[in-house]
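Here the structure comes first, spelled out in C-alpha cells, and everything after it is commentary.
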2 protein chains.
Amino acid sequence: MLSVDEVLEQLKERGYRRTPQRECIVGILWESGVPLSAREVHERVRATFPHVSLDTVYRNLELLREAGLVSQINLQSRESARFELLKGEHHHHLVCLECGESVCLPACPVDLHELERRHAGEFTVINHAFELYGYCKSCRS
Amino acid sequence: MLSVDEVLEQLKERGYRRTPQRECIVGILWESGVPLSAREVHERVRATFPHVSLDTVYRNLELLREAGLVSQINLQSRESARFELLKGEHHHHLVCLECGESVCLPACPVDLHELERRHAGEFTVINHAFELYGYCKSCRS
DNA sequence: ATCGGTGCAAACCATTTGCACGTTA
DNA sequence: TAACGTGCAAATGGTTTGCACCGAT
C-alpha cells in the first residue's frame with residue numbers, strides 16, 4: 001500500500017521532478033477511492049491551485065500511467081477515460097451505466113497465470129482489463 | 001450462430017429497414033472474424049458502395065450495438081473503438097498493444113452467475129468486459 | 001405518402017501538441 | 001544553468017448532429 005510520498009518517490013527514481021501541481025494531482029487521486037476523469041481531477045486540483053491547466057493534468061496522468069502507478073479505465077463506455085492510483089492491490093470495478101460511479105470488486109476473478117500459460121505460444125500477456133456493468137442501488141428503479 | 005440474414009431479420013423485427021448500406025455493413029462485420037474500427041468498416045464498405053459516408057457506418061454500428069447484435073470494444077489505449085458482430089457465442093479477446101490486432105479467447109474466464117449473486121444486493125449486473133493485452137507473435141521481438 | 005436512412009458539412013469534445021516562459025535539481 | 005514542467009492556444013481525430021433529400025415499406 002503506497003503513500004503519496006512513496007508515489008512521488010517512485011517518480012523521482014525515474015527522473016521526474018517534484019512539482020506542486022504533480023504533488024497535488026497525486027494527492028487528489030490518492031484521496032479519492034474511485035477512478036476519476038481528467039476533468040474531475042482538474043476541478044479538484046483547481047480548488048488548491050486555481051491556475052493549473054487541464055493539459056498539465058493530462059500530462060501527469062499519462063506520466064503516471066507510463067510509470068505503472070495509475071491505471072486508465074475506458075472499456076466499453078464512450079465517455080472520457082478514468083484514472084485510478086494503484087496503491088498496490090490488484091482489483092477491478094463495477095461500473096454503473098447510469099451515473100458512471102464505480103465500485104471496487106474485492107478480488108480479481110481471473111487466474112492470470114493460467115491464461116498466460118495457455119497463450120504463451122502465440123501471445124505475451126502484459127496486462128488485462130475486467131469490468132462489470134450494471135446499475136447501482138440508487139439508479140436501478 | 002446467426003447468419004447475416006438473421007441479423008437483418010432481427011433488425012427488421014425492431015422496426016429498422018433493410019437498406020443496401022446496412023446489408024453491406026453487416027456483411028463486412030460478418031465476414032471479418034476480428035473486431036474492426038469504424039474506419040476499417042467504412043473502407044471495406046466503400047469497395048462495394050464508394051459513396052457510403054462514415055457517418056452512416058457510425059449510425060449503423062451504434063444501432064447494431066443498441067440492438068445487442070454488436071459489441072463495442074474500447075482498447076485500453078486511446079485508439080478508436082472496435083466493433084464485432086455477435087454471432088452467438090460469448091467470448092473475449094487478446095489484444096496486441098503494438099499492432100492492435102485481436103484474437104478470440106476460446107472461453108469466458110469469468111463465472112458471471114457467481115459474480116451476479118455476490119453483488120445482487122447493491123448492484124444489478126447487466127454486462128461485463130474482459131480483455132487481455134500483450135504482444136502477438138510478430139510484434140514481440 | 002410516410003417516416004426512417006443517408007450524405008454532406010459543420011459541430012463537438014476529449015485529448016494532444018507547439019511554443020515560450022518559469023522552475024527544479 | 002540545463003532540462004524538465006507548465007500554461008496558453010491551437011490543432012487533432014474520433015464521433016455526433018442538423019438538415020434537406022432519397023428510398024423502403
Side-chain angles (χ1 to χ4, degrees), chain A residues 5 7-28 35-43 45-46 48-67 69-83 100, chain B residues 5 7-28 35-43 45-46 48-67 69-83 100:
Chain A
D5 267 342
V7 170
L8 292 165
E9 192 51 42
Q10 292 224 7
L11 287 182
K12 194 172 222 168
E13 283 170 19
R14 290 165 188 265
Y16 297 116
R17 295 177 182 172
R18 183 166 185 140
T19 68
Q21 293 94 327
R22 191 161 289 165
E23 276 179 28
C24 188
I25 289 168
V26 173
I28 297 291
L36 300 174
S37 67
R39 196 164 295 275
E40 285 167 341
V41 172
H42 185 220
E43 280 162 13
V45 173
R46 287 189 116 163
T48 312
F49 297 95
H51 51 88
V52 169
S53 68
L54 184 53
D55 358 295
T56 292
V57 173
Y58 272 112
R59 280 190 272 233
N60 278 293
L61 290 173
E62 167 61 12
L63 181 154
L64 287 160
R65 195 188 63 74
E66 261 195 11
L69 295 164
V70 150
S71 83
Q72 178 176 346
I73 299 159
N74 49 7
L75 280 184
Q76 223 172 60
S77 75
R78 292 169 279 323
E79 292 161 25
S80 60
R82 287 175 174 271
F83 302 84
Chain B
D5 268 343
V7 170
L8 292 165
E9 192 51 41
Q10 292 223 10
L11 287 182
K12 195 172 221 168
E13 282 169 21
R14 290 164 188 266
Y16 297 116
R17 295 176 182 172
R18 181 166 187 140
T19 68
Q21 293 94 326
R22 190 160 290 164
E23 275 180 29
C24 187
I25 289 168
V26 173
I28 296 290
L36 300 175
S37 69
R39 197 164 293 275
E40 286 168 340
V41 173
H42 185 219
E43 279 162 13
V45 173
R46 286 188 117 163
T48 312
F49 296 96
H51 52 86
V52 169
S53 68
L54 184 55
D55 354 291
T56 293
V57 173
Y58 272 112
R59 280 190 272 235
N60 278 292
L61 289 173
E62 167 61 12
L63 181 155
L64 287 160
R65 196 187 62 76
E66 260 195 12
L69 295 164
V70 151
S71 83
Q72 180 176 345
I73 298 159
N74 291 14
L75 313 185
Q76 206 171 48
S77 62
R78 39 225 146 283
E79 290 163 25
S80 62
R82 287 174 175 269
F83 302 84

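As the structure is a computational prediction, the values presented were derived from the model and not from experiment. Below, chain A is the first sequence line, B the second, and so on; all start at residue 1.
The CD-P distance, from B/E13 to D/dT25, rounds to 14 Å in whole Å. Across the protein-nucleic acid pair, B/R14 atom CZ and C/dG5 atom C1' stand 18 Å apart, rounded to whole Å. If you measure from atom CG of A/L54 to atom C1' of C/dT17, you get 14 Å, rounded to the nearest angstrom. To the nearest angstrom, C1' of C/dG5 lies 14 Å from CG of B/L8. In this structure, the OH atom of A/Y58 is 7 Å from the P atom of C/dA14, given to the nearest Å. In this structure, the CZ atom of B/F49 is 15 Å from the C1' atom of D/dC22, given to the nearest Å. As a whole-Å value, the separation of B/L64 CG from C/dG5 P is 11 Å. For the pair B/E23 CD and C/dT6 C1', the interatomic distance rounds to 15 Å; values are reported in whole Å.
With values rounded to the nearest 0.5 angstrom, B/R65 atom CZ is found 8.0 Å from B/F83 atom CZ.
For A/T19, there are no side-chain hydrogen bond (donor to acceptor under 3.5 Å, both in side chains) partners two or more places apart in sequence or in a different chain. Residues satisfying the side-chain contact (heavy atoms from CB on, under 4.5 Å) criterion with B/R46, sequence neighbours excluded, are B/H42. Judged as a side-chain contact (heavy atoms from CB on, under 4.5 Å), and not counting sequence neighbours, the contacts of B/Y58 are B/A38, B/L54. By the side-chain hydrogen bond (donor to acceptor under 3.5 Å, both in side chains) test, B/R18 is found to be paired with B/D5, B/E23, residues two or more places apart in sequence or in another chain being considered. Scored by the side-chain hydrogen bond (donor to acceptor under 3.5 Å, both in side chains) test, B/R59 finds no partners at all (sequence neighbours excluded). With sequence neighbours left out, the side-chain hydrogen bond (donor to acceptor under 3.5 Å, both in side chains) criterion links A/R82 to A/E40. Remark: A/S53 pairs with A/D55, A/T56 by the side-chain contact (heavy atoms from CB on, under 4.5 Å) rule, at least two apart or across chains.
Proximity of B/L64 to B/V7: side-chain heavy atoms (C-beta onward) are separated by under 4.5 Å at one or more points.
For the helix from C/dA1-D/dT25 to C/dA25-D/dT1, the angle separating the two terminal helix axes comes to 40°, with each axis derived from five pairs and the value rounded to 10°.
OP1 or OP2 of D/dG7 sits under 4.0 Å from a side-chain N or O of A/Q21. Residue A/R39 places none of its side-chain N or O atoms closer than 4.0 Å to OP1 or OP2 of C/dT15. Residue B/S53 places none of its side-chain N or O atoms closer than 4.0 Å to OP1 or OP2 of C/dT6. Between B/H51 and C/dG7 there is a side-chain polar atom (N or O) within less than 4.0 angstrom of OP1 or OP2.
Between the side chain of B/D55 and the base of C/dA9, a donor-acceptor pair under 3.5 Å is found.
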ask   = Can you give one letter per nucleotide of nucleotides 19-25 of chain C, 5' to 3': B if a protein heavy atom sits under 4.0 Å from the base, S if only from the sugar-phosphate, - if neither?
value = ----BBS
